[in-house]
Amino acid sequence: MTLASDPPKDGFRLSMLIYDTRFRSVTIQVIVLVLFLAGLFWLLNNAYVNLEAKGKDFNFSFLWTRAGYDIAQTLIPYTNDDTHMRALIEGLLNTLLVSVLGCICATILGVFVGVLRLSHNWLVARIMTVFVETFRNIPLLLWILLMGTILSETRPSPRDFRFTEAMQAAGETPKASMWLFDTIAVTNRGTNVAAPAFSNSLGEVVLPGNIPVSLNALALFAVLAASFWGWRRLMARAKAVQEATGTRPATWWQTPLILLGPVVAVSLGLGFHLDYPVITRFDFTGGFQMLHSFTALLIALTIYTSAFIAEIVRAGILAISKGQTEAAYALGLRPGRTMNLVILPQALRVIVPPLISQYLNLTKNSSLAIAVSYMDLRGTLGGITLNQTGRELECMLLMMLIYLTISLVISSVMNLYNKSIKLKER
Amino acid sequence: MKQSVFFGSLVMAGLVAGVAGASTLDEVKARGELICGVNPGLTGFAAPDANGNYQGFDVAVCKAVAAAVLGDPMKVKYVPLTGETRFTALASGEVDMLSRNSTWTFSRDTELALDFVAVNYYDGQGFMVHKELGVSSAKELEGATICVQTGTTTEMNLADFFKANNMTYTPVNIADDAEGQQRFLAGACDSYTTDASGLAASRATMPNADDIVILPEIISKEPLGPAVRHGDNNWGDIVRWSFYALVEAEEYGVTKANLEEVAASTQNPEIRRLLGLEGDMGAKIGLDNDFAKRAILAVGNYGEVFEANIGAGTSIGLARGLNAQWTQGGLMYAPPFR
């Protein structure tokens, strides 16, 4: 800036608001702000006037009335006598469950596919290209429907697993059988898996909000945490000895002993056994049941998002100069170590920012859950509650607010992570 | 310094349609078309025929109203609505009336700010199962997986019924009847529950109808009827009396075929008022005196509508039962045209 125009000698004139560059930007911002506020006011006023005209008020007290409907899959106890608020929380937890698991699975699969797509093996690279192009170019809703249909149409009905004495006498075999020593049964409704169970219970504590937590599980978790801490100590000691003496003490037999020994001992003490799924009149009972609505949604979200993540990973890796690889090879690193130690850490800086938006997409896309009858937030609050109470505006606003909050939380957590891996400039 | 100017673009997406001003009757007349919310597909009640035109028992109410108001039963635009979207669509003014086998309940009448104008079908909720399950009563459904349409009264009745009988079940919430049938036939649910009339209609279209039984229990009262927005009472009156004209016509033996003949010869004052030959009934609701006559001429009387769409002669084969005229031991009872 070497030249500045002469300051105007005379006083302030109104036209300066437009023609004087010093004021123009402020003028425009003020105008935009006024228009924005006017627009906002118009929207709110419109909503208010229309609610008034329909004789509807705006309040959230309906959240504390009895919900009266049932939800198939719940993470914390729920009956139809609970409130709409509780149903909302069930839906929210279901949304979070499928989103968190989806993000984890999609990341693992995505990194795998993205790396393999750069493979020197022509066939592998082409197969991964087909994977990416197929899954990301077909709408997610179709994938969700397809997965739901495949699972429910191709698997046998629970009653096909039944094996009665009459059938045994007649020498017949059931039409379908369970897998892995009768621990897994995949029917057209869900996946039934034998669940760990204990004959002796330490009892349970009930957290506020009627959430029971089994003390057995807590005890096992505590033992595991203690074992892990012990193992870390063992490793630290081994490292110290190695640094001092040059020879590393043998830890191969201590590691499994410390990690698994206490857990196994406590489990046996509590009377560990497997609770097998058993066919009853309509369906399997006992064990752990994962409904296909959840499985289908999770698979569809995972493969769809992983195709995008694969491209992000590939772009991230390609962004690292080939010189880095060559330098690593020159130092004698094998390709696998080169990828893990040299390329990926640098690539993460390019990968993480777009990865955040994929996580956000996955979370928001989970609201398509109703297509396979998975009761997420959109299914409970935005579906049944909205419909039974007729509180469209309240439910929609609340649902938008919740999704916004979830997204902002994911975003900020991932930003923190991004900060931790970004290039340290000193 | 780089100067950049941001022109904030305001997206004026209206939250709700413009402030309701003109009455629904004026709007419909000005538009020259009635917009009627119907079931996306429930054979016999509302489903597109081979030519893509909606036909059915509920559709007939739309046609009767269109004939009464616009003089032409074909001037109807049908908007297919799911159980979840129907009331919002009506409340927001997307449709003028709803004729979509919807149950009249207290909270819908009050909280949802709707007005149910009449009951065109007295129904109750039932269950459908595959015969091979060997279930003969709904009380044997302990532990069953049950498909239920979301956003309906059936969802709540189902919860109440299982609670009252101390039984458990796994609900599968589906969006509409077509999805329910598909899930049921695929065996993804043991039982499908909805209004008994709906079950009969669904069963009629299933390829293996003989392998499917409808259980005897009726677990709720489901008075199904057309609904309008609360607040526009004149429009409610028009829909109500266009429908009652059909019921009244059946009671007095006026059919589509003999209408002109009866009109020319009858001396019965009730029929003369119904057909607009006496009095000024039409003027009182903002229509002309022939409105009821046009409605009957368009679709026939209530009995004819019933028989043509869901009656014993059709594949659905529903008996009149509660829906017979009060003179025949049923509940169909039109208030007098006076």
#### Entry: Arg189(A) versus Thr170(B), side-chain donor and acceptor atoms under 3.5 Å
no

### Interatomic spacing from CZ in Arg86(B) to CG in Asn387(A) - rounded to 0.5 Å
6.5 Å

### Task
Check whether any side-chain heavy atom of Gln388(A) sits under 4.5 Å from a side-chain heavy atom of Thr153(B), and report yes or no.
no

### Task
With a 4.5 Å cut-off on heavy-atom pairs, point out which of Glu153(A), Arg155(A), Arg159(A) contacts chain B the most.
Arg159(A)

### Query
Is any side-chain N of the basic residue among Asp190(B) and Arg281(A) closer than 4.0 Å to the acidic one's carboxylate O?
no

### Message
If I take atom CD from residue Glu155(B) and atom OH from residue Tyr69(A), how far apart are they, to the nearest 0.5 angstrom?
### Response
8.0 Å

### Spacing of OG belonging to Ser157(A) relative to NE2 belonging to His130(B), to within rounding of 0.5 Å
8.5 Å

### Message
For Glu132(B), which atoms come within 4.5 Å of any heavy atom of chain A: side chain, backbone, both, or neither?
### Response
side chain

### Residue Thr152(B) versus chain A: region with a heavy atom under 4.5 Å
backbone

#### Entry: Part of Leu141(B) within contact of chain A (heavy atom distance under 4.5 Å)
both

#### Entry: Among Val129(B), Thr145(B), Val135(B), the one residue meeting side-chain contact (heavy atoms from CB on, under 4.5 Å) with Phe282(A)
Val135(B)

### Message
Measuring from atom CZ of Arg183(B) to atom OG of Ser373(A), what distance do you get when rounded to the nearest 0.5 angstrom?
### Response
3.5 Å

#### Entry: Whether Asn188(A) side chain and Gly187(B) backbone form a donor-acceptor pair below 3.5 Å
yes

### Task
State whether Lys163(B) and Asp70(A) are salt-bridged, where the test is any N-O pair (Lys NZ or Arg NE/NH1/NH2 against Asp/Glu carboxylate O) under 4.0 Å.
no

### Message
So for Ala175(B), is it side chain, backbone, both, or neither that comes closer than 4.5 Å to the heavy atoms of chain A?
### Response
neither

### Task
Identify which part of Cys147(B) has an atom lying under 4.5 Å from any heavy atom of chain A, answering side chain, backbone, both or neither.
neither

#### Entry: Met396(A) portion near chain B, given a 4.5 angstrom heavy-atom threshold
neither

### chain A contact via Phe162(B) - side chain, backbone, both or neither, heavy atoms under 4.5 Å
neither

#### Entry: Toward chain A, the part of Thr150(B) with a non-hydrogen atom under 4.5 Å
side chain

### Query
Using non-hydrogen atoms only, which part of Leu40(A) is less than 4.5 Å away from chain B: side chain, backbone, both, or neither?
neither

